[in-house]
Amino acid sequence: MDLGSETIMARVTTYRIRGKKKKGKKIVMLTAYDAPTARILSDCGVDLILVGDSVGNTLLGYESTIPVTLDDVIHHCKAVSRARPNSLIVGDMPFMSYKVSETQALENCGRMLQEGGAEAVKIEGGGDVVDKIAAVVDAGIPVMGHIGLTPQSIYELGGYRVQGRTADGAEVLVEQAKRIEEAGAFSMVIELVPTETAKLITESVGIPTIGIGAGPYCDGQVLVLWDMLGLFEDFKPKFLKKYADIRSVISEAVKAYSEEVRAGVFPDETHSFEMTEEESGRLYGRT
Ligand code: KIV
């Protein structure tokens, strides 16, 4: 039986992600929430696709990630997995979908793989989630941790503020990172911390760190795709580099289309269908 060995070989695994740290190779992660985008990221060789709860801010119109439900993320994860990307698909566990108990974490992380088609899950939090991470990993589900600024705890943290800014704060994050590694996570996101703190965390653990707003010394980097493509005018955090201006591209196209429709220029002959001459004659001969 031909299992399409080339395709299978090319698929990114958690094993390969861990190996990248050992080899000193940087890891590339981006978010995606739909099939065509997932296909593009995969074709560009992106290592990890995160179906982030950032879908709440980017696509669903919420002001934070708090209202995003497990069903929301599973819905988008399904779309991403239908694209069958070679990139490893990570499903982001949304607010209150894993913190209640180990049983709840196991059931919901299981749904993310079984229904959503994810190959790993991401769990936000420090010491409070270590036992959940251990239980989920024990069940055979790869887990990516997420420390520093954890947007699901935004009210407790008092806003989107840089974390680990003091030496004591950095030590706390290093301890959290070590415990997450001990619990069996295969990697972790570090969000919005000073460069020095992220460097110390990265040097303190054997698993890859993937930074967002955490400076250049992490083992990899992640950005929210719609942010780096420049879809939002008002979102300009210091860490965000805009690699494109998709908002302008969309606006220009929509304006051009609107003008042509209003002027009766679109559709023209090349974008319309015709009958055969005979049928056309018969049609008009009827009147
Ligand atoms: O939901 C998300 O997109 C994330 C990234 C910012 C890491 O958690």
Side-chain angles (χ1 to χ4, degrees), residues 17 26-34 37-38 41 46-77 79-80 87-99 108-109 112 116 118 120-126 129 133 143-154 157 159-163 173 176-177 180 185-193 198 201-202 207-215 218-229 231-232 235-243:
I17 296 298
K26 292 279 187 187
I27 297 161
V28 179
M29 179 157 101
L30 280 168
T31 63
Y33 320 104
D34 62 81
T37 310
L41 299 194
V46 167
D47 297 304
L48 295 138
I49 293 178
L50 174 67
V51 186
D53 60 358
S54 52
V55 69
N57 315 66
T58 52
L59 295 194
L60 303 181
Y62 294 129
E63 281 186 8
S64 77
T65 57
I66 307 281
V68 176
T69 66
L70 182 61
D71 285 338
D72 288 335
V73 181
I74 287 178
H75 175 76
H76 288 276
C77 211
V80 165
S87 327
L88 187 83
I89 305 170
V90 182
D92 204 5
M93 297 306 292
F95 183 64
M96 289 313 284
S97 67
Y98 54 91
K99 282 199 175 173
N108 287 340
C109 291
M112 193 66 90
V121 295
K122 179 165 80 59
I123 287 182
E124 278 187 21
V129 293
I133 292 177
V143 175
M144 174 182 282
H146 183 155
I147 58 171
L149 188 276
T150 45
Q152 291 169 20
S153 310
I154 204 65
L157 295 173
Y160 293 90
R161 303 145 73 102
V162 178
Q163 303 294 302
L173 288 175
Q176 287 180 359
I180 286 169
F186 75 96
S187 61
M188 77 187 74
V189 167
I190 309 177
E191 181 165 353
L192 219 57
V193 304
I201 297 169
T202 301
I207 57 174
T209 59
I210 301 176
I212 173 163
C218 295
D219 300 304
Q221 296 292 328
V222 58
L223 284 176
V224 171
L225 185 75
W226 292 118
D227 295 341
M228 62 87 89
L229 290 182
L231 196 66
F232 304 106
F235 189 61
K236 292 176 189 146
K238 185 180 177 199
F239 67 81
L240 178 63
K241 180 168 176 183
K242 292 196 178 175
Y243 286 83

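Start at 1 and go down the list; that is how both ligands and their atoms are numbered.
- With a 4.0 Å cut-off on non-hydrogen atoms, Thr65 does not touch ligand 1 at all.
- Those atoms of ligand 1 that come under 4.0 Å of a heavy atom in Asp92, given as number and element, are 1 (O), 2 (C), 8 (O).
- Ranking protein heavy atoms by distance to atom 2 (C) of ligand 1, first place goes to Ser54 OG, 3.3 Å.
- With a 4.0 Å heavy-atom cut-off, ligand 1 is reached by the side chain of His146 but not by its N, CA, C or O.
- Close N/O approach between Asp53 and ligand 1 is found [any backbone or side-chain N/O within under 3.5 Å].
- For atom 7 (C) of ligand 1, the nearest protein heavy atom (residue, atom name, distance) is Leu50 CD2, 3.8 Å.
- With Asp92 contributing its side chain and Asp53 its backbone, the two residues share a donor-acceptor pair below 3.5 Å.
- Put simply, CD on Gln176 and CE on Met188 are 9.5 Å apart, with the number rounded to the nearest 0.5 Å.
- Between the Asn108 side chain and the Ser97 main chain, a donor and an acceptor come within less than 3.5 Å of each other.
- Within the 4.0 Å heavy-atom criterion, neither part of Val55 lies near ligand 1.
- Asp47 and Val28 make their closest contact through OD2-N, 2.8 Å (heavy atoms, listed as atom of the first residue, atom of the second, distance).
- Of all atoms in ligand 1, numbered sequentially from 1 with element shown, those under 4.0 Å from a heavy atom of Thr31 are 3 (O).
- A distance-only check finds no donor-acceptor pair linking the side chain of Lys122 to the backbone of Val51 [under 3.5 Å].
- Distance alone, capped at 3.5 Å, is enough to place a donor-acceptor pair between the Thr31 side chain and the Leu225 backbone.
- If you number the atoms of ligand 1 from 1 as listed, the ones under 4.0 Å from a heavy atom of Gly52 come out as 1 (O), 2 (C), 3 (O).
- Of the residues Glu191, His146, Met29, the one that meets the side chain to side chain contact (heavy atoms under 4.5 Å, CB included) test with Ile212 is Glu191.
- Each of the following atoms of ligand 1 lies closer than 4.0 Å to a heavy atom of Ile212: 6 (C).
- Looking at Ser54 and Asn57, their side chains never bring a donor and an acceptor atom within 3.5 Å of each other.
- At least one N or O atom of Lys122 sits closer than 3.5 Å to an N or O atom of ligand 1.
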